[in-house]
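One structure is given here, and the rest of the page talks about it.
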2 protein chains.
Amino acid sequence: MRAINRLNVLDTIRRHGPIARVEISQRTELSTTTVSAITASLLDDGLILPRHEGDIRNEAARGRPRVMLELNPDAARVVGAKIAASRLVFVVTDFRGDVLSKLTLPIRIDRQPIAVAADLVEDGVRRCVLDAGLSLEDVDTVCLGLPGVIEHRTGYVRSSPVFRDANVDFAAEMTARLATPTIVESDAHAITLAHHWFGKARDLEDMVLISLEQTIGLGVLHGNQLFRGAGGLSHNLGDLVLGMGQQGRLVRLSSQAGESAILGEKQADGRFAEAIRLGRGMNHASALIKAEDNVLIGAAVRAGEAVGLTIANIVTLFAPPRVILVGSSLALGEPFLESLRNAYALAVPPSLNGVTELVFDDSTDDFWAQGAAAVALHELYESPWSTTGPAL
Amino acid sequence: MRAINRLNVLDTIRRHGPIARVEISQRTELSTTTVSAITASLLDDGLILPRHEGDIRNEAARGRPRVMLELNPDAARVVGAKIAASRLVFVVTDFRGDVLSKLTLPIRIDRQPIAVAADLVEDGVRRCVLDAGLSLEDVDTVCLGLPGVIEHRTGYVRSSPVFRDANVDFAAEMTARLATPTIVESDAHAITLAHHWFGKARDLEDMVLISLEQTIGLGVLHGNQLFRGAGGLSHNLGDLVLGMGQQGRLVRLSSQAGESAILGEKQADGRFAEAIRLGRGMNHASALIKAEDNVLIGAAVRAGEAVGLTIANIVTLFAPPRVILVGSSLALGEPFLESLRNAYALAVPPSLNGVTELVFDDSTDDFWAQGAAAVALHELYESPWSTTGPAL
DNA sequence: GTTATTTATTCCTCATTGCGGATTAATTCA
DNA sequence: TGAATTAATCCGCAATGAGGAATAAATAAC
């Protein structure tokens, strides 16, 4: 019971920057008395800090000035990571989610056996922690975001394009290696939380995000919470069926709009093939499109159309106020985006006209990793500080 | 706080038939003391009744026998209704959801202005209540289930095939007419709750239901709760896009699998046209299919394929343990079902193989109406009995 | 027929919690 | 310097849930 209110207050402090107790009381609809008690306990546990400076109400600040409260950055440290086929990106953040250090390793891991991949990830985490001037013991939780179908509760990776093997208990593996609690989460969910906490969905409690990368992922925010499929499975949009093609063959979204589908259209020659192998295929493709390469433009237009239709279908199902699009495929530029927008406008049902806003976001990989860190922090929030809290 | 536990206990009693306090305590994880207090209050309010007979633990029943508790049927009465284009179905149920009386009016209302439709619904409610030997004052809540896009919170009907007009505040209209609180809900949601409470999803807390009627609707149960789109909008699957057809025309699900799409394939002649007009098109179609009418069989096969693909897509998104299919289109029989099953099997992603079970249900219209009644009861559960309870 | 045993339920007590109202704190304005 | 104003805390109350003792109601044993 108290735990619920504590969480509520802590989350309010996280979301609304430095904030006074009175305002917390208004937002949480708890009495000032209760807020006072809870914040006292949070201060006692070192999770939040008072700031006597910034009382910037009205100009004429009569009465006793407010004491602003904010998260104590030093209350915890977490590591977030984005694991993609061609690169590993790590960040270490403090309790507020502010990035302390980042590290990008441009390494292909998708052809490696699982043990090698785990080795590389372990190295990355350790190095990034070191870069932040910390040791692994200072880190409370690690969260790894990777594409594919992931069971959040267990950290079980059903299938992922970055692993050669299927059905890997990656969370257990990494927890053992790092001797630190490690969460494995869908990268799409990570970036969704990133946008909810720091990005383009801070103002919303319902939202849908679609990630267009090597695979196509989905994140749904519903009532300020990540909507995880019934069994805690992540959503893999690439498997969606767009219709029947020739001879009763199914047309799946991944075959139209997956990274390999787009890049594969062009017979990869020399430098382009090299770029793809290094995981910079999309950037190269975008350059070729600017140079009016018709094959690639055609592929981009087809992909945009497929994605546009898919978004319309998802809007039909969820009717969210905003859909955020992220991922490397956005780099394809106008031919892709225009075709996407057109297909969407055509396909979204008239009855939902004006309900949903489309937003494109070209954040860097760091932001994904920061999202993974947010997942880790989110987990920390719910753990009982009173007993197993961080060093005070 | 207490309210939450009260609700929890009440719901446990509803779900697990006559049940002893000890068992409630186990299931809700509340102390026996607390359960005792809450049940005492529930007994006091007349919401539940003790039953001294049925203590059927083991044969050798040592110790003090359990006192079983169950819902008091007389604690409340509600009316549930299914409003379809060609018929109105009403049920009156008691607090347990048991049907006290039913009434089916085979009337077309979809060509009528809203005032006429409201008149007919009002008459039906009144007559059905009378049939149950009650008066409208004995009825606590009315819930009307109808197809289309409905805002649950407000009872606002954005668009529905049974109304000529769009954007009707039907809940307000009927509340005024009946002088009884009236809820308007998507019929798909109603039948979903019906299956959760009484039907083929009693054992599940996550589930997806697809209703194939004049329109195609969706109900999603998530954590024992109806998942209502972000804005409380109901889902209208008919607007889903299945792909591009000729000349950039969109192919929507409703154009493949809607009732009118299937029946319209056959040039309606004489008796068939008459049957359609009377809302018995599907039954007639099923007869024609049995007589090997190739045009209709073709339509049914196409429809089954479209629905199968759609289900696969929904399974891709939600990964539910069970999908229940309901609605008049099931009457099309094997050609439809087989094609549906085949398309589904083909399209469901291999990674989700075996996760989801497909169940067909051919319940009668009463069951839909009973679902609407369940929605009404659900609403009643959450209302503060202590202040505005039913007659004791 | 009486007593021990077993199991379900209720009574009593206590700690926690959240709230309303009074009080104290810290500042501006006259 | 004192009044006014706003923020935060202190005090006491009522509600609630849990633990343990006590009671109730049955069977089994003697």
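So you know, we letter chains A, B, ... as the sequences are listed, proteins then strands, and number each from 1. Everything quoted here is computed from the prediction, not taken from an experiment.
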- [ ] Measure from CG on A:Leu43 to C1' on D:dA8 and round the result to the nearest Å.
- [x] 13 Å
Open item on the list: Between B:Glu185 and B:Arg228, does any side-chain N to carboxylate O distance fall below 4.0 Å?
Closed with: yes
Task: Touch class at under 4.0 angstrom, heavy-atom based, for A:Val35 against every strand present - done: nothing
Distances for protein N/O vs nucleotides 4-6 of chain C N/O pairs under 3.5 angstrom?
unit_1, atom_1, unit_2, atom_2, d
C:dT6, O2, B:Gly63, N, 3.3

Open item on the list: Among A:Arg15, A:Arg51, A:Arg14, exactly one meets salt bridge (Lys or Arg N to Asp or Glu O under 4.0 Å) together with A:Glu70. Which residue is that?
Closed with: A:Arg51
Open item on the list: In whole Å, I'd like the distance from the CD1 atom of B:Ile38 to the C1' atom of D:dG17.
Closed with: 9 Å
- [ ] Return no unless some side-chain N or O of B:Arg21 is found under 4.0 Å from OP1 or OP2 of C:dA8.
- [x] no
Open item on the list: Looking at C:dC19, I'd like to know if its phosphate oxygens (OP1 or OP2) sit under 4.0 Å from a side-chain N or O belonging to A:Thr34.
Closed with: yes
Open item on the list: Measure CG/A:Leu69 against P/D:dA7 and give the value in whole Å, please.
Closed with: 13 Å
Task: Shortest side-chain distance from A:Thr33, nucleotide among C:dT9, C:dC19, D:dG20 - done: C:dC19
Task: Presence of salt bridge, B:Asp74 and B:Arg77, under 4.0 angstrom - done: yes
Task: Phosphate-side-chain proximity, A:Asn5 and C:dG18, N/O vs OP1/OP2 below 4.0 Å - done: yes
Open item on the list: Using modelled atom types and a 3.5 Å cut-off, is there a donor and acceptor pairing between side-chain atoms of A:Asp206 and backbone atoms of A:Gly223?
Closed with: yes
Task: Closest nucleotide among C:dT9, D:dG17, D:dA8 to the B:Arg66 side chain - done: C:dT9
- [ ] Measure the distance from CD1 on B:Ile19 to C1' on C:dA8 and round it to the nearest whole Å.
- [x] 14 Å
- [ ] Tell me yes or no: between the side chains of A:Ser31 and A:Thr34, is some donor less than 3.5 Å from an acceptor?
- [x] yes
- [ ] Please state how far atom CD1 in A:Ile4 lies from atom C1' in C:dT16, giving the value in whole angstrom units.
- [x] 14 Å
- [ ] In whole angstrom, give the distance that lies between atom CZ of B:Arg2 and atom C1' of D:dA18.
- [x] 14 Å
Open item on the list: Students often mix this up, so state it plainly: with edges at 30° and 60°, are the rings of B:Phe318 and B:Phe227 parallel, tilted or perpendicular?
Closed with: perpendicular
Task: Euclidean distance, atom CD of residue A:Glu29 to atom P of C:dC19 [Å, nearest integer] - done: 10 Å
- [ ] Determine whether more than 12 heavy atoms belonging to other residues, nucleotides or ligands lie under 6.0 Å from atom CD of B:Gln225.
- [x] no
TODO: Provide, to the nearest angstrom, the distance between the CD atom belonging to B:Gln26 and the C1' atom belonging to C:dT9.
DONE: 14 Å
